[in-house]
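For reference, the structure is listed below as structure tokens.
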2 protein chains.
Amino acid sequence: MDTSEILETRELRYFVAVAEELHFGRAARRLGIAQPPLSRAIQQLERRLGVPLLNRNRRGVSLTGAGEVLLAEGRAALCATTAAARRTRRAGGAGHSGVACERLVLAVKAAASQELLRKLLDAYAAQPEAAEIELLPCGIGEQEIMLRDGRADVALMQTPFDSLAGFDSEELLTEGRIAVLPASHPLATRTTLSLTEVTDLPDLPLARWPRNGTYPPGPGPEIRDQTQLAQLIALGRTAAVCPESSRTWLWAEHAAVALTDAPPVTTHIAWPPHSRSRPLARLIRTAIQL
Amino acid sequence: MDTSEILETRELRYFVAVAEELHFGRAARRLGIAQPPLSRAIQQLERRLGVPLLNRNRRGVSLTGAGEVLLAEGRAALCATTAAARRTRRAGGAGHSGVACERLVLAVKAAASQELLRKLLDAYAAQPEAAEIELLPCGIGEQEIMLRDGRADVALMQTPFDSLAGFDSEELLTEGRIAVLPASHPLATRTTLSLTEVTDLPDLPLARWPRNGTYPPGPGPEIRDQTQLAQLIALGRTAAVCPESSRTWLWAEHAAVALTDAPPVTTHIAWPPHSRSRPLARLIRTAIQL
DNA sequence: TCCGGTGATACTCGAGGGGTATCACTGGAT
DNA sequence: ATCCAGTGATACCCCTCGAGTATCACCGGA
């Protein structure tokens, strides 16, 4: 493996910054360096790879096909690198033998799977050799990042919201969906609804959640967390389709109506492949037995 | 994200070399540098992470817990980094827009799933916008590495032999198992056998395949590829439990007997998560429709 | 036509990565 | 007891290469 064939972390960081900003000056500022060294570094990277990564049109920069590939792969590689640093540091202090971390970081989406989470934590803590579990509250879709870059060891994720791609996982719980409506809305008195009845309501556009960092198009408001959603529903501005367990956080101004035909939500416990720490294995076993 | 928190590729390469050799001198030779800079680099890495990675006992070096974590995570990170370089280079030459590589590299285990592979290649080639497919023959369990470090875009893998951990995959074909015996062996005349009848035969120890780079313990010969196996069976020295499709490569000196109770083998098509190239998506679709 | 803003180039400086020589320590053979 | 082979660590020097400053070349728009 020739050393000149290998990308340095610094080069990847620089390229990802430029590719995300599509602007050398801003990228350099973000990286805390001056613009000229950045230009040179990118040129050198292109020479080394023998492939143009950026189209320099005056008035801005755009990615070539190879550039898009390197952006995706480079992000992943950077994540893996920082994950290595973080997990190593966390594994510090521990003993000399092969045991990894004695503290597990569990990434959870705020206010999701509350019951399940409580049961899991209780069941695990009751075990004799339980490790300490640190909870890492995440925004929507953030668990994937946390798991990937080493800030978390294990996560609770929900399909079809979160992507399990690239992780090992076990299914924990499948639940139906409810429509959460303002209590004052005409449909709030129904005992059941079908999905088509709550989509495309002109007076009550469904809230939109980010998928992979961007929002799908639509008339409804863009939501970042559950509190925002709860408030907007209470104000009669929007409605949402949620897992049944969301009943735990409903307000008096909310109404929940079971949906008959919405695709179910499944909560999984997920972890990076090839993790082999004993505390993690025990937590997973505990979760499956719930 | 503080820059001092980030590991350089060079540091990872150095550490992985030392951790694998458990010897500074040999590691330095392998890296093509002198020993003193290597010692310094590792010390610096330990200082930076704030964690001891190696126990320096005179007479050799051993890994601490944190060291083992960094070895595993560092290998993964290095793989991801070289994968980024390779895939970017391969995506070169292509156009300016978001399209990735126009040539797909398919990793296959030599002589496995021969029929399936032929059908897949034919069906794919018959499509209008088929990309060129390059076949990358692999040793046992090598597809995982090829996929991980970017030498391959997609692979055919078999459970329970290969691990699909960390990849996306689709099931293609499940087949039973046969015992492959020397034609002269008494059991060769049977029409079916059970697993217990072919294991623990004192005169015919089962061949051993590597799992994760090492061989399980046992009396049988250690096998690296299918040709070696075929030869040893023909010579009456060993027997093996193979998928049914192995009948395609049997010799006259071989006999195949169906096994009634062996766990089946499933061939999957697997690819790195988050791959989004059109040719790959088409190949996967073609494979599923077979 | 000039100006604001883009990225590239020229030059200089200094940190740090790499080399050689050597040390300090240990286990084992005699 | 002594010496030797072999380990990793230290001391010291060189020089590459990454980063900064100043400047250029080029374009779009008022």
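Atom set for the values below is all heavy atoms of this structure, side chains included, hydrogens, waters and symmetry mates excluded.
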- Task: Answer yes or no: is there a side-chain heavy-atom contact under 4.5 Å between A/Cys138 and A/Met146?
- Result: yes
- Message: Just N and O in the side chain of B/Arg10: are any of them under 4.0 Å from OP1 or OP2 of C/dG18?
- Response: yes
- Rounded distance (Å) that lies between atom C1' of C/dT6 and atom CZ of A/Arg26: 11 Å
- Rounded interatomic separation in angstrom, taking CG from A/Asn55 and P from C/dA8: 12 Å
- A/Arg103 and A/Asp153 ion-paired at < 4.0 Å: no
- Task: Check the distance between D/dC17's P and B/Glu8's CD and give it to me in whole angstrom.
- Result: 15 Å
- Please work out if B/Gln44 contacts a base, only the sugar-phosphate, or nothing of the nucleic acid, heavy-atom cut-off 4.0 Å. sugar-phosphate
- Note on the structure: Taken to the nearest whole Å, CZ/B/Arg56 to P/C/dT26 is 16 Å
- Once you round it to whole Å, what is the distance between P of D/dC14 and CD1 of B/Ile33? 21 Å
- Do side-chain atoms of B/Arg237 reach the backbone of B/Leu232 as a donor and acceptor pair under 3.5 angstrom? no
- Whole-Å distance, A/Ile42 CD1 to C/dA8 P, equals 9 Å
- Query: Over how many whole Å does the gap from B/Leu38 atom CG to D/dT10 atom C1' extend?
  - Reply: 15 Å
- Message: Is it the case that the side chain of B/Arg224 and the backbone of B/Gly139 share a donor-acceptor pair, with hydrogens and angles ignored and the cut-off at 3.5 Å?
- Response: no
- Item | Ion pair check, A/Arg278 and A/Glu129, cut-off under 4.0 Å | no
- Query: Closer than 4.0 Å, any side-chain N/O of B/Ser39 to the OP1 or OP2 of D/dA9?
  - Reply: yes
- Can you figure out which of C/dT9, D/dG8, C/dG18 approaches the side chain of B/Tyr14 most closely? C/dG18
- With heavy atoms under 4.0 Å as the rule, sort B/Arg40 into base, sugar-phosphate or nothing. base
- Query: What nucleic acid atoms does A/Gln35 come within less than 4.0 Å of, heavy atoms only: base, sugar-phosphate, or nothing?
  - Reply: base
- Nearest-nucleotide check on DNA chain D, B/His23 vs B/Pro36; residue mapping nearer the 5' end is B/His23
- Task: Measure from CZ on A/Phe24 to C1' on C/dG5 and round the result to the nearest Å.
- Result: 15 Å
- Query: Quick one: which of D/dG20, C/dT9, C/dG19 gets closest to the side chain of A/Gln43?
  - Reply: C/dT9
